[in-house]
Structure formats: structure tokens, C-alpha cells
Amino acid sequence: MSTDSTLRFGAQTDEVTSLLRIVNLVRTGEATTRPEIGRVTGLGRGVVTQRVDQAIQMGFLGEGDFGASSGGRAPRTLRFRAEQGHIIICALGAAHIRVGVTALDGDILGHTHRAWDIAKGPAKTLGAAMDMVDELMKDFPKLPVWSVVVGLPGPVDFATGQPVAPPIMPGWNGADVRTPFEERFNAPVWVDNDVNLLAFGERARRREALADLIYCKIGSGIGAGLLSQGRIHRGANGAAGDIGHVRVPDSRETCRCGKVGCLEAVAGGWALVRDAGQAIAGGAASSMEGRANKGALTLEDITTAAEGGDPLAISLVQKAARVMGESIAALVNMFNPGVIVIGGAIAAAGEVFLAEVRQRVYELSLPLATRDLTIVLSVNDEREPLRGGAELAREQLFDITFPRWFADGRPSPERTAA
């Protein structure tokens, strides 16, 4: 992010740092003409011209259209050459794989999706994801891959790219997710929790470089992505935001993680499916009865029924929302975000869910912490994790690791993998 970039240079006469700075100014749109670059950086006209020519020769920048004139000759704009490479994103969920390819500016060029059980293990899952990528890439020019991002539905050690004791991913603990992608695509690979990708996606969509935001994903499981001044907070072991396993007072429900009373075991998607099935088996009338009797009921069925006015579905969604609201209120008091975004499959329930969450948060949080707080549903765009993955890759490539690889013209795993 250009406003808080690790690439900000200390000495304006330093050739390397000023070159990096100029590329990022153009890339982010902060300065797109040579005069603007001079005003922002304080570099002289000759130095700016020299650095821009270097960046063009290296392939990072290109000449654009003429800009607006301020009285003299109209300046030629510059553009970042986003078309020179691809970013690949593989967003793995508990029951699906979604892959996408973007340009270097984050523009999504294509994506595809398939149902998949994450419990099949890392070898089969990563193999299936790479096969999907190979098939998708047939539709695009054979450009180099600059980065791969993989999202996983569980805690991840970001430094190593390895899952850390993920509750719903048997066989994944300590799995080497990074190496197979590095070897296949000869590009740096970053692995992160799937809800962190969604938080990055919100940052990109809102264009809020310094956002204080919590993204709460309620699907089969429950998790939160925490943005503080635009930076993801992952914690010491990658477990930050794993609110699905906080304790709910007085609950005796057994969770998939083996503990008792977890939030996920009360308000997660699989818990709502369980409770709906038990209620219908006990004689409760519901439009979901047919699906429940076939053992095919899903969280999506429940949210659709709730939106349609089904009393049982509404009661289940509102109960989950109350419990979620209590946990979110604790986050609000500790974290003081400006925005809370509710996403995942539960977002399809709309105001039935959101109104209850808002009520509990405002009841239980400090007035100062909620004074400027906004609580909204996500845009419910299936491409959000792809957009977020591209945002993560661009941050890592151009804000963090750029000095290590820019002289080669493109990144490689040997230079950027942690």
C-alpha cells in the first residue's frame, strides 16, 4: 500500500530505492506523470526521466495517453504494465475449491469452481486445485506466473505456509502446501487463512488502505479476519481470528474440534443443519422437511427458507445471530473496528441475521467502541476470495519483497519465499 509502504526511500539520491518508489507510485495511481512523480518524490526532472526510462526498459512501466495540460505541453501519462504476468489464486473451502487468475493489477481474468471435501487430504486436494488451474490457464496467453496464493479454511503459519492443527482438515497439520505450487509454476507462493483473503478483498473493494475492519465469515465453520490500519493481524501462530472455537456460556454441544461448547457448535452452518434436522424429526413443521428427511439439508437451504418466512428457519438463524453478536461484541470492545462485515453462506439470510447481530453488538459493546461502527453484509460475490488473494499477492510482491527481485524483472520462489 503506497501510503505506508516499506519501500519508502530515505535518501532521494539512491538509485534503487527511488526506482522502486517510482514504479509503485505509478502502479497505485498516486503519481502517473513525470511532473507528478517529481512533485511527490522531490527528485529532479533529469533523475525522474532517467528512473522512468529504466523502469520502462525493465518492463515495469509503459507510456500511456496524454494527461491534462496545466498551461504548457500536455504531459504523457505512465502506466504500470499489469498485463506482463499472472497471479493465481486457489481458495479452498471445507466443501469446495475455487481457483482464479488475475492480472498484476488484481483484475480477475477468469475463475472456476467445483465441489470438494477438504478432508480428502492435501495430496488429492492440491492436485485437484492445480489441475483446475491448468485447465483455466488454457484460455489465456502463456505469460509467466508471478505469484500463487492459496487460502485454507483453518489456521496457517504464514511464514512457512503450513496449516497448524486445523480442526476440520484431517491430515493437513504441517502439510507442505507451498512447495508443490512453487515447483509447478516457478513462482513465489503465499498461503493464508481463507477469511484473511476475504478481509483483503474488502480492503481492495473499499479502497481503504488504512482500514480497521473485521470480516466475520459464517459458513460451515466460523472465522474472522482482522485488519488493523490495513494490515492483517495473524497472531503468533496464525490462530488470530479463530473465533469459532471460543466458549459459549452454558453450551454443552460437542464441536468438531473435540471440545465442548464452541461457538461453531452452536452457530456454525453444520450446527444449524443439525438443529434443523433434530427439530423436524421431533415434529416441527417446516418447508425444509423434504430435504431434511433425505439427509440433504444444507445451510443454504436454511437461509433460503428463513428469507421465505419459514418459522423454524427464522428461529434457528436468529438464535445463531444472537450468539454470534455476543462474540462479535467482545471483538468490538477489544479491537474497536470501524467496519464489521458479515459474510459466508449465512449472509444470504440478510436482515433476519444482520438485525439480530446488530442488536446484540450495540447492547453489549461500549458506547465509544460503537460510536462510529458500521455493521454490514458482504457483497456476496463468489469472486471475493480471488480478489482478496490477488490483493495479498500484490502487497507481498510490491510492498514487501520488491527490492529482492526487481533487478531480475520478475519474482522467483528462491528470492521471495520466506
Nearest atoms (heavy-atom pairs only) where Gly343 meets Ile346: O-CG2, 3.9 Å

Exercise: identify the closest heavy-atom pair between Val177 and Val150: CG1-CG1, 4.0 Å

Presence of salt bridge, Arg184 and Glu182, under 4.0 angstrom: no

Glu36 backbone acceptor or donor facing Thr33 side chain under 3.5 Å: yes

Check: Phe398 ring centre within less than 6.0 Å of Phe406 ring centre: no

Pairs involving residues 212-250, ordered by first then second residue, that meet ring-ring contact (aromatic ring centres under 6.0 Å, His included) (sequence neighbours left out): none

Cationic N near anionic O, under 4.0 Å, Glu326 to Arg247: no

Atom of Asp310, atom of Met288 and distance for their closest heavy-atom approach: OD1-CE, 4.0 Å

Ionic contact status for Arg234 with Asp192, cut-off 4.0 Å: yes

Residue pair Leu213, Val341: steps toward the side chain to side chain contact (heavy atoms under 4.5 Å, CB included) verdict: CA-CA 8 Å; Leu213 178 147; Val341 181; 4.1 Å; yes

Per-pair distances, 0.1 Å, donor-acceptor, side chain in residues 301-309, under 3.5 Å, sequence neighbours excluded:
| from | atom 1 | to | atom 2 | distance (Å) |
| --- | --- | --- | --- | --- |
| Asp301 | OD2 | Arg291 | NE | 3.0 |
| Asp301 | OD2 | Arg291 | NH2 | 3.1 |
| Asp301 | OD2 | Thr298 | N | 3.0 |
| Asp301 | OD2 | Thr298 | OG1 | 3.1 |
| Thr303 | OG1 | Leu299 | O | 3.4 |
| Thr303 | OG1 | Glu300 | O | 3.0 |
| Thr304 | OG1 | Glu300 | O | 2.9 |

Ser365 side chain to Tyr362 backbone, donor-acceptor under 3.5 Å: no

Any donor-acceptor pair under 3.5 Å from Asp372 side chain to Gly338 backbone: no

Presence of salt bridge, Arg358 and Glu351, under 4.0 angstrom: yes

Trace of the side chain to side chain contact (heavy atoms under 4.5 Å, CB included) decision for Phe200 with Arg387: CA-CA 8 Å; Phe200 273 115; Arg387 185 174 289 109; over 6 Å; no

Review item, side-chain donor-acceptor pairs of residues 107-117, under 3.5 Å, at least two apart:
| from | atom 1 | to | atom 2 | distance (Å) |
| --- | --- | --- | --- | --- |
| Trp116 | NE1 | Thr125 | OG1 | 2.9 |
| Asp117 | OD1 | Ala119 | N | 3.0 |

Ionic contact status for Glu208 with Arg203, cut-off 4.0 Å: no

